[in-house]
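In what follows, a structure is listed as C-alpha cells, so that the remarks can point back to it.
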Amino acid sequence: MKQRWRLIVLMFMTSCVWGHAQLTSLYKQLDDAISHTQEYVAAKEHSIQRLVGKLSLTQDSREKYYLCKSIFEEYRSYKSDSALAYVSRCLHLAQEMKDQSLTDACKVAMAYQCSSTGLYVEALDFLGSLSHVPTSPERLAEYDKAYSHVYGELAFYCKVPSLKQEYYRRQDAYDDLLFKNASPQFDYCLQRKEQRAMKAKDLKAALHYNDMRMRGLKDTDRDFAIVAFYRADDYGKMNKKEERQYWMLKAAICDIKNAVMDQGAMWEVANILREQGDMERSHRYIQFAWNCSQIYTTRLRSWQISPILSSVNENYQLQLNKRNNQLRSGIMAIGVLVVLLLATIFYINRQRKKLSEARDQLHRSNQQLSELNANLTTANAELHSLNTELSQANRMKEEYVGRFMRLCSQYIDRQNDFRKLVHRKVKNHEYQQLFEETKSQDDQEKELVELYENFDSAFLHLFPHFVEDFNALLRPEERIPLDKAKGLPTQIRIFALIRLGIEDSAKIAEFLHYSVNTIYSYRARVKNGAKENRDEFESQVKRIGMS
C-alpha cells in the first residue's frame, strides 16, 4: 500500500515538473515570437502587396472581386478598417456585376466582420438588407453563423439581464438552424456545440468537439489559434489552470506568427500572469496587446483591454513601489552591515598594526642601514672622483711649473744678454745704435709667438683631444678649423685658458695681449654657435678631458 502511494506521489511530482518545464519553454517561445514581430508583419504586408499588385493589373470585374476577397481575408485579423474597406469594394463589384448571390455573400461577410469589431447595429442592418434568405447550404450556413455570432456578441457584452437572455435565446435559435442546415463538420457548428457542452459542464463532450476542430490543423495555422483559445477557455472553466495557461500560450504564439493584431489570447495570458502576481511580465504582454489593438483599430478590443491594462499598470506600480521599499530596507540593512564590517576591519587593522610594529621597526633599521651604505658608496665614488681630479690638477701643476721655470730661466738669460748689450753700447757711446735696436718691436713679437707656441704645445700635451671635443660642442657650420703650422686659433686659445680656470676676460686679454672688448666679442660669437644651450657652453668646455 505504501509503495502504491509513493508511486502516486512520484507521478504527481513528475507531472508537475514536466508541466512547469513546458510552460517555461512556451514563455520563451512567446518572447522570441514578440522579438520577431516586425518580421511577421513584414511577411503579412508583402503578401497583401502582392495581391494588391495583381488587383491593379486586372480589368476583369469577377477576378477583381475574388482578389478583393483574398485581400479582405488577409486583413480580417490584421486591420479591421482595411478589411471592411475591401469587403465593401467586393460588395460594390458584386452589385456592378448584378450578381445577387455574391452581393448577399458580401453583406453576410460584412455583418460578421462588424459584429467581430463591436459594430452590432451595422451588422444587423447588413443582414436585414439581404434580398432573401440564402438557399444553398453553404451560403445558408454562413447566414446563420453571422446571426448567431452577432447575437452571441450582443448577449456577452450586454449589461441588461432581460436583454442578455433574449439575445442568448436568439443565438440558440440560429444555432439550431445552423445545426440543421450546415454540414456537421462546419467549424462554427463544432465551435457552438463545444460552447454549449462547456455551458452544460460536459468537459468530455466539449473537448471531443475541440479535438474535431483541431484535427488536421498545424500550430502555425490561423485557425489553430482560435481553436486553442477555446480549448484554453474550456480548461479555464474546469479550473485547470496549467492546461488553460498552456493552450492560451500556444494560441498567443500562433497569433503573433500570423501577424494577428486582434490579440485576444495575448491579453488573456497577461490576465493570467496578473492573477499569478507576475506584474512585470503581465505589464509587458498587455502593453504588446494594446499596441496591436491600435493597429487593428477596433473600439471593442480597446474597450476590453483598457480595464486590464489599467489594473496591470496599477498593480505594476504597487509592485514597483513595494520593491523600491524593499530595496530601501535592504540598502539600510546593508549600510548597517557595512558599518559593522568597517568597525571590524578597523579593529583587526589596529591589532595587526600593533603586532607588526617590531617588524616595521626592523624594516626601517634595515632601510636606514641600506641608505647609509648607499651614502657611503656615493661618498667613496665622489672621493675617487676628487682624487682623480686632484691627480690631474697636480699633473697639470707640475707640467706648468716645469715649463714656467724653463721660460723664466730663458727670459733671465735673454735679459742678462740685453743688459750686457746696453752696457757695451753705453760704454762705447753708441747711443744711436742702441736707440735703433730698442725702437724695433720685432723682438717682442717673436717673444709673443714663442709664448703662444709654448702655451699651445703645453696645453695640447695636457689635453690632446681638446680641439675635437671643443668643436663637437658647436654646430657644424660654426666649428673652428685647426692649422697645426699656425698653432691654436685665438678663439680656441681663449677657451683653453677658460678650461685652465682663467675665466676673467681682463686676465685673458692681458695674457693674449688683446683688448677686453675683443675677448668679450670672441666669447659671445663662439657661444652663439653652440649646438645646445649657449649658457651652458663654458661649463661644458670646463669638463673637457675630465673623463
Side-chain angles (χ1 to χ4, degrees), residues 19-20 22-35 37 77 80 116-118 152-153 155-159 164 191 194-195 198-199 201 203 206 210 219 222 224-258 260-323:
H20 179 72
Q22 275 195 318
L23 291 177
T24 302
S25 175
L26 285 175
Y27 275 116
K28 287 181 180 178
Q29 292 178 40
L30 180 60
D31 290 336
D32 181 69
I34 290 173
S35 67
T37 300
S77 58
S80 62
S116 297
T117 56
E153 291 291 300
F156 184 80
Y157 294 107
C158 182
K159 301 298 182 182
K164 180 184 284 286
Q191 177 182 315
E194 178 185 355
Q195 289 179 290
M198 202 63 245
K199 190 175 182 181
K201 298 182 180 180
L203 177 63
N210 191 272
D219 62 0
R222 166 69 184 113
F224 174 86
I226 299 171
V227 177
F229 181 90
Y230 279 101
R231 194 177 189 88
D233 192 47
D234 293 342
Y235 281 119
K237 289 174 181 175
M238 294 296 296
N239 203 29
K240 292 188 176 184
K241 296 181 179 179
E242 280 196 2
E243 289 85 349
R244 177 197 178 202
Q245 196 170 178
Y246 174 87
W247 287 103
M248 203 61 80
L249 284 167
K250 296 281 282 186
I253 293 168
C254 183
D255 277 342
I256 294 173
K257 289 183 177 180
N258 283 283
V260 172
M261 296 296 124
D262 187 14
Q263 285 282 347
M266 180 61 82
W267 61 265
E268 282 290 351
V269 170
N271 199 30
I272 292 170
L273 291 169
R274 180 176 63 88
E275 293 169 357
Q276 293 176 351
D278 190 349
M279 294 303 168
E280 185 177 351
R281 181 172 281 182
S282 176
H283 181 267
R284 184 153 45 91
Y285 290 167
I286 198 65
Q287 191 64 52
F288 178 81
W290 173 263
N291 293 338
C292 290
S293 71
Q294 301 310 298
I295 296 173
Y296 188 61
T297 60
T298 170
R299 291 175 297 172
L300 175 64
R301 193 62 72 202
S302 299
W303 176 72
Q304 287 176 314
I305 295 175
S306 292
I308 300 174
L309 181 62
S310 300
S311 175
V312 168
N313 280 332
E314 184 179 349
N315 289 328
Y316 182 66
Q317 289 299 324
L318 289 173
Q319 193 176 68
L320 211 60
N321 293 335
K322 184 179 178 181
R323 287 182 181 177

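Below, each value reflects all heavy atoms present in this structure, side chains not excepted, and no hydrogens, waters or symmetry copies.
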Please identify each residue that fulfils side-chain hydrogen bond (donor to acceptor under 3.5 Å, both in side chains) with [X], with sequence neighbours left out.
X	answer
Asn291	none
Tyr27	Gln245
Gln195	Arg192
Tyr230	Gln191

For residues [X] and [Y], report the shortest heavy-atom separation together with the two atoms involved.
X	Y	result
Ala289	Met266	CB-CG, 3.9 Å
Lys164	Ala155	NZ-O, 2.7 Å
Leu26	Ile253	O-CD1, 3.6 Å
Arg244	Gly236	CD-CA, 3.7 Å
Tyr285	Ile34	CE2-CD1, 3.7 Å

Is the shortest heavy-atom distance from the side chain of [X] to the side chain of [Y] under 4.5 Å?
X	Y	result
Asp234	Trp247	no
Asn258	Phe224	no
Glu275	Asn271	yes
Arg222	Ser77	yes

Sequence neighbours excluded, which residues qualify as side chain to side chain contact (heavy atoms under 4.5 Å, CB included) partners of [X]?
X	result
Ala265	Phe229, Met248, Ala251, Ala252, Asp255
Lys240	Leu203, Tyr235, Met238, Glu243
Ser25	Gln29

Distance (rounded to the nearest 0.5 Å) between [X] [atom1] and [Y] [atom2]:
X	Y	atom1	atom2	result
Glu242	Leu23	CD	CG	5.5 Å
Met261	Ser80	CE	OG	12.0 Å
Cys292	Gln287	SG	CD	10.5 Å
Leu30	Ile256	CG	CD1	4.5 Å
Ile286	Gln263	CD1	CD	10.0 Å

Subject >> Results of salt bridge (Lys or Arg N to Asp or Glu O under 4.0 Å) for Asp233 - residues two or more places apart only >> reply: Lys237

**OP:** Just jot down the salt bridge (Lys or Arg N to Asp or Glu O under 4.0 Å) partners of Asp31, sequence neighbours excluded, or say none.
**Re:**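 For Asp31 the salt bridge (Lys or Arg N to Asp or Glu O under 4.0 Å) partners, ignoring immediate neighbours, are Arg281, Arg284.
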
Original post:
Hey, does the side chain of Ser293 reach the backbone of Trp290 with a donor-acceptor pair shorter than 3.5 angstrom?
Top reply: yes

